[in-house]
Amino acid sequence: MNFQQIEQAVTYLQGKYTKTPRIGLILGSGLGVLADEIEDAVKIRYEDIPEFPISTVEGHAGQLVFGSLSGKEVVAMQGRFHYYEGYSFDQVTFPVRVMKELGVEVLVVTNAAGGVNETYEPGDLMIISDHINNMGSNPLIGPNDNRFGARFPDMSEPYNKELRLIARNVAEKLNIRIQEGVYVGNTGPTYETPAEVRMIRTFGGDAVGMSTVPEVIVAKHAGLKILGISCISNMASGILDQPLTHDEVIETTEKVRKDFLLFVKEIVKNIKVG
Ligand code: HPA
């Protein structure tokens, strides 16, 4: 990915939407409905944006939604790009660079994840306190363009402390069951084996998924403040005596959808930007 490609996408988008979004949202599996809550929405399909990767997965709308959420100017990705689909890390993280150049300061990234911590329950929401990159590579490998960020980015606080506090306070106020823990990013598309889940727990992981880590690394490189929220859609492999299915993941995210929407909207209301 080079700066020019980002600029092309940004110029196109600014021609379609003239206000400046300050909060970017990446909406995970089953959580894209949040974009439907955006007011005065301007929707731009990925396929219409120059240089943008094109969405392949069923059930993902594949569009950017600009507009107002809880009184804040936002841009949401309805449908993300996963590494397991065959996209390069450059493609997976391209939208994050675009958001940054559009003026975004805070990135709220969401996902569905398997619960590794045995005290978790399906349907819990988890504030991501930290992550472990278990994807076998890093999206910043290659020549560093200093216009994007530093060669050796600090990762001592990938998920912003103040934003996490806001999220905890909102959960308490709304009486939503909340966890805070470490997200482990695997490539997928296989779910984990029971032995892998035991390894992840020993590593210090509380939840496991197939996204988020590349986007967060690039967002941190770009100097964005990041909040991560996982919807624990199932217990990870081997914890319960039953196989995992994508249907289960979608079913649980549908059940917590109402709480998830309230939660994120109230967080957005409380985030200070611009
Ligand atoms: N493992 C990996 N990714 C996931 C899971 C899981 O158990 N649930 C939802 N995404």
Side-chain angles (χ1 to χ4, degrees), residues 25-34 55-61 77-87 89 92-93 108-137 139 159 177-217 227-257 259-261 263-264:
L25 299 146
I26 301 181
L27 305 176
S29 300
L31 305 171
V33 282
L34 180 61
S55 215
T56 61
V57 184
E58 276 174 73
H60 284 271
M77 274 186 88
Q78 202 171 27
R80 63 144 58 84
F81 303 105
H82 296 92
Y83 189 56
Y84 63 72
E85 293 173 80
Y87 297 108
F89 276 141
V92 169
T93 60
V108 178
V109 45
T110 67
N111 59 52
V116 171
N117 185 317
E118 286 167 309
T119 68
Y120 290 6
E121 289 173 13
D124 283 352
L125 296 175
M126 184 188 89
I127 300 164
I128 304 178
S129 59
D130 200 347
H131 75 220
I132 293 172
N133 177 9
N134 196 38
M135 289 188 156
S137 189
Y159 300 86
R177 192 176 143 103
I178 196 78
Q179 309 286 0
E180 186 158 357
V182 174
Y183 175 91
V184 176
N186 280 348
T187 63
T190 45
Y191 289 118
E192 298 68 33
T193 64
E196 284 163 348
V197 170
R198 287 194 298 274
M199 178 190 75
I200 289 164
R201 190 177 303 120
T202 311
F203 272 7
D206 295 297
V208 59
M210 307 175 191
S211 67
T212 302
V213 166
E215 293 105 310
V216 167
I217 290 173
L227 177 67
I229 300 163
S230 292
C231 166
I232 305 299
S233 55
N234 57 280
M235 293 315 288
S237 171
I239 297 178
L240 306 175
D241 190 21
Q242 63 188 49
L244 291 187
T245 64
H246 184 60
D247 288 347
E248 178 188 359
V249 171
I250 296 300
E251 214 172 281
T252 312
T253 49
E254 271 168 16
K255 269 190 221 145
V256 290
R257 185 173 279 174
D259 275 356
F260 174 79
L261 294 180
F263 183 51
V264 177

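In this chain, numbering begins with 1 at the start of the sequence shown. Any value given below was found using the heavy atoms of this structure, including those in side chains, with hydrogens, waters and symmetry copies removed. Indexing begins at 1, ligand by ligand and atom by atom, following the structure's order.
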Query raised in the report: Distance only, no hydrogens: is a donor on one side chain within 3.5 Å (strictly under) of an acceptor on the other, for Gln179 and Asp206?
Result: no

**Report entry** 4.5 Å side-chain heavy-atom contact, Ile127 and Ile178
**Finding:** yes

Query - Ring geometry between His131 and Tyr159 (parallel below 30°, tilted from 30 to 60°, perpendicular above 60°) - result: perpendicular

Query raised in the report: Quick one: are Glu215 and Val92 in side-chain contact, heavy atoms under 4.5 Å?
Result: yes

**Report entry** Side-chain touch Glu248/Ser233, heavy atoms, less than 4.5 angstrom
**Finding:** no

Query - Min side-chain heavy-atom separation Val216-Tyr183 under 4.5 Å - result: no

Nitrogen or oxygen contacts under 3.5 Å, ligand 1 side and protein side:
residue  : atom   : partner : partner atom : Å
ligand 1 : 1 (N)  : Glu192  : OE1          : 2.8
ligand 1 : 1 (N)  : Glu192  : OE2          : 3.4
ligand 1 : 7 (O)  : Asn234  : ND2          : 2.9
ligand 1 : 8 (N)  : Gly114  : N            : 3.3
ligand 1 : 8 (N)  : Asn234  : OD1          : 2.7
ligand 1 : 10 (N) : Ala112  : O            : 3.3

